[in-house]
There are 2 protein chains.
Amino acid sequence: MAESEDNTDSVTADDVAAAAGVSRWTVARAFKKDASISRQSRERVIAAAEALGYAPDLMASSLASDRSNLIALITNDFNNPHKLVLLERLTRILWSRGWGTLLVHMSDSEDASAALLAASQRRVDAAVVIGTRFDDKMLETALGARRLKKLVIFARYSQNPNTLAIACDDEIAMRQIADHLLERGYHRPVFLAGPDTQSAKLHRKSTFIEYWRDRTGTIVPSINTSAYDFGPAIERVTALLQDRDAASRPDVLVCENDIIAIGAMDAIRYRMGLRVPQDIAVTGFDDIPLSSSPAYQLTTYRQPITAMAERLLDVLEGKLTGDVALPGQFIARLTT
Amino acid sequence: MAESEDNTDSVTADDVAAAAGVSRWTVARAFKKDASISRQSRERVIAAAEALGYAPDLMASSLASDRSNLIALITNDFNNPHKLVLLERLTRILWSRGWGTLLVHMSDSEDASAALLAASQRRVDAAVVIGTRFDDKMLETALGARRLKKLVIFARYSQNPNTLAIACDDEIAMRQIADHLLERGYHRPVFLAGPDTQSAKLHRKSTFIEYWRDRTGTIVPSINTSAYDFGPAIERVTALLQDRDAASRPDVLVCENDIIAIGAMDAIRYRMGLRVPQDIAVTGFDDIPLSSSPAYQLTTYRQPITAMAERLLDVLEGKLTGDVALPGQFIARLTT
DNA sequence: CACCGACTTGCACGCGCGTGCAACAATAAT
DNA sequence: ATTATTGTTGCACGCGCGTGCAAGTCGGTG
């Protein structure tokens, strides 16, 4: 144990090299995974480093190597609790594999280039867009304005060719939900989607509508909320159900995600005074923590976040270069 | 407009200098706020920079200047939706003022030093701890193991002298809640707190209990959940109310925060079949988005997050060096 | 016309580490 | 014992920019 606890100034590889009696480059090798270095040298260096409290400076390392080991996590939609789950899982897995995560807020297209610019100024190795409300134009602009090494779209599809999407397989998911509803005898669904952006690439709505038509021959009507939040969902569903009797009402609301489904349930219960699922059933998507609470018990579909994060690692390490859609898990609770 | 759109390799200050016919240092000055540079030089440089698509490399800048303009946001408790609100507000305000935010997960004390180490390896200018479950020992260890320039505790108190806390003023808040309850005629409260860590420095519980004793002469019992999450709160409250008749029940549950309050409400309603507030009233703390939903309509207290974030900026800019406690806003809804 | 202050610009050096190659030591093959 | 092979180590140079100082410019005054 070294007594130099007064090292307010940081200790560099040179200090460790001097202490261990080797060159600075040998010190660097000791900290590099597959470096060509003898075991005893490495041990001596590590011991010296520990005594001095040395840890490689990642910032200097980045500058020299042109790899920052930093990932920008770009998000806009902070109202959806599911984002918290995604952020948590991603940061934990990325850090555990040596990647740092830079959190970036990007509220609208105006911000977009600023956010990407800021990220690139930090030399991030990749930017991961987590959010449903980025349209492709925005991404294109962002990509054109500032070169990023990689742009990954997480938990959402994208048709931009310069982009790589890692998402839950919405088609499998929505078919499973549809099968479940058909099995339970529902026959008049309405699809409740989020904002109708130019190119929202969640295939949930179209898949559900097409599959339902194939199986029943009927066309499912759909409506949109103005935001991925429960407030607008409440308003929209209230407007939908207002002045309709039991015969003309939908018997199930298929929602694009859980937070909207929860708004729908609140509207059904507290605005209309109806029951879920007896009067109207509801399904969601994401399986946010609240969905399992006794108040909601929402039937939903869980995205395979961990598996998706693993694929993200593959992308970052260059082992994967194509889009990915992974199956998740259907979760039947009490709202259907 | 330059036609060099093929600049896969990044454009540096030297390139801009050449294009503008000045030296590299003049380019740097053009991008520095209060630098000594003539207006025409600056304009020429900015024009050249724009044409070339140049933006200063923050990583290299950090290395040279020993200021990274990076803040580590350290969190452990991702179950509480309030964290999302805090993260969103902080990142937005920090980025708008030129600070980048590094998101770090720190689940237990084992992680603590690893997280702080990782942060220091990135040369963060400060680490901001956002979370209620970090005990002071953990912080002390972390501080000792790796020197950080600044350690700020956000939305929580701390008595560690090497630390700076920015929080909502719990004393004012809890007195206001108590006054409200007394005014409404409640007289048998129970305080529902989170996990009883060694040194949880939320003064909410002690303040409430002391103030209630001062005003009524009675001692408020308190119970703990095993985590800041609604699931454990449901279990704990169910256990509390089980086998008690209306006379021996509390008439109000004062909860340390909203997510626990929501669990309490779920237990009261769905486990016990009782009504809020007719049978038992509930109060929370934080005013998370869900608290305003028709399903809960929770009476709570909103933390002054924006003001707290502004103070954080003061701290980062060295204008503030002492602890801060700011008053928030009491919000009466329908659960009392 | 010389001179002084205020403003503006250029530059040597360093931040801490990576890369690629050359030199060297330790072992195996002939 | 000599050479080929593998393993290990040292080093010059550069990553892109900031700091502090010295040199340069300009306009105005006596």
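We use all heavy atoms of the structure for the numbers below, so side chains are in, but hydrogens, waters and symmetry mates are not. Naming: A, B, ... by sequence-line order, numbering from 1 per chain.
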Let's see if you get this right: which residues in residues 61-71 of chain A place a heavy atom under 4.0 Å from DNA chain D?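 Close to the strand are L63(A), A64(A).
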
Taking for each residue the nucleotide of DNA chain C with the nearest heavy atom, is it T26(B) or L58(A) whose nucleotide lies nearer the 5' end?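 Residue closer to the 5' terminus by nearest nucleotide: T26(B).
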
Earlier contact from the 5' end, DNA chain C, for Q40(B) and T12(A):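 Final value for this comparison: Q40(B).
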
Check whether any side-chain N or O of K32(A) sits under 4.0 Å from OP1 or OP2 of dT8(D), and answer yes or no. no

Salt bridge (charged side-chain N to carboxylate O under 4.0 Å, His left out) with [X]: which residues, sequence neighbours excluded?
X: R24(A); answer: D14(A)
X: R89(A); answer: none
X: R92(A); answer: E88(A)
X: D57(A); answer: R123(B)

Residues that [X] engages under side-chain contact (heavy atoms from CB on, under 4.5 Å), provided they are two or more places apart:
X: A47(A); value: none
X: W99(B); value: R67(B), N69(B), I71(B), L94(B), R97(B), D125(B), L313(B), L316(B)
X: A49(A); value: V16(A), F31(A), Y54(A)
X: K319(A); value: D314(A), E317(A)

Would you mind telling me which of dG10(C), dG16(C), dT19(C) lies closest to the side-chain atoms of W25(A)? dT19(C)

Would you indicate which nucleotide in dC17(C), dT9(C), dG18(D) comes nearest to any side-chain atom of A28(B)?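 Nucleotide nearest to A28(B)'s side chain: dG18(D).
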
Got a list of protein N/O to nucleotides 21-27 of chain D N/O distances below 3.5 Å?
none

Hey, what bend do you get for the helix from dC1(C)-dG30(D) to dT30(C)-dA1(D) if you fit axes on five pairs at each end, rounded to 10°?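 The two end axes of the helix from dC1(C)-dG30(D) to dT30(C)-dA1(D) meet at 50°.
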
Got a second to check how far T75(B)'s OG1 is from L103(B)'s CG, nearest 0.5 Å? 6.0 Å

Report the residues that fulfil side chain to side chain donor-acceptor pair (under 3.5 Å) with W25(A), sequence neighbours left out, ordered by chain and then residue number. none

Kindly say whether, by distance alone, the side chain of R39(A) makes a donor-acceptor pair under 3.5 Å with the base of dG7(D)? no

